[in-house]
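For reference, the structure discussed in these notes is given below.
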Amino acid sequence: MADLPVYCMDQVANHCEHSSCWIVIQNYVYDVTQFIREHPGGEDIILENAGRDATGPFEDVGHSQDAMRIMDKYCIGILVEHERTLNKKITRRPRLGSNKLLYQNS
């Protein structure tokens, strides 16, 4: 985690449009701007959660392991510690390795 840039929610909130779209899932920040049009569930659900914590909607859908692996290339950082949600169990932690983002189970 130390290798990941740290962002605050104010920074994430500035990226709430189709042209620049960031979301937070399980305390990690994702720039999904390039993924919006490819999202199998449609653009609207991503745009509804743009600039915000989308953990709840993401988990409610029950995304597959493949979907979670697709997220790898969109992870750009982690929330600053004091803004991380403590009531959510983090089951995946991004880490950098071999020049690509990998996930490991906790």
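Below, all heavy atoms of this structure are taken into account, side chains as well, without hydrogens, waters or symmetry copies.
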Distance from [X] atom [atom1] to [Y] atom [atom2], nearest 0.5 Å?
X	Y	atom1	atom2	result
L4	C75	CG	SG	5.5 Å
M9	R52	CE	CZ	9.0 Å
S20	D31	OG	CG	6.0 Å
E43	E48	CD	CD	12.0 Å
M68	I25	CE	CD1	9.0 Å

(message) Quick check on the hydrophobic clustering: are V6 and Y30 connected, directly or via other members, by side-chain heavy-atom contacts under 4.5 Å?
(response)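 Yes, V6 connects to Y30 through the hydrophobic network.
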(message) Starting from V61, can I reach F58 by hopping between I/L/V/M/F/W/Y residues whose side chains sit under 4.5 Å apart?
(response)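 No, separate clusters.
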(request) Kindly indicate whether the side chain of R84, heavy atoms from C-beta on, has any atom under 4.5 Å from the side chain of Q26. (result)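 No, their side chains stay 4.5 Å or more apart.
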(message) Is there a side-chain contact between V24 and L79 in this structure, where contact means two heavy atoms from C-beta onward sitting under 4.5 Å apart?
(response)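 Contact flag for V24/L79 side chains = yes.
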To check you understand the geometry: which heavy-atom pair defines the closest contact between [X] and [Y], and what is its length?
X	Y	value
I36	C21	CD1-CB, 3.5 Å
N49	P57	OD1-CG, 3.5 Å
I46	I23	O-CG2, 4.5 Å
S19	T33	O-CG2, 3.4 Å
I76	Y7	O-CE1, 3.5 Å

(message) Using the rule side chain to side chain contact (heavy atoms under 4.5 Å, CB included), only one of F35, Y28, W22 pairs with Y74; which is it?
(response)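 Of the listed options, the one satisfying the test is F35.
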(message) For the residue pair D66 / S64, report whether a side-chain donor-acceptor contact shorter than 3.5 Å exists.
(response)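 No.
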(request) Taking atom types as modelled, find out whether N27 and T85 have a side-chain donor-acceptor pair closer than 3.5 angstrom. (result)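 A donor-acceptor contact under 3.5 Å links the two side chains.
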(request) Taking atom CD of E17 as the centre, report whether more than 12 heavy atoms of other residues, nucleotides or ligands fall under 6.0 Å from it. (result)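 Not more than 12 within 6.0 Å, no.
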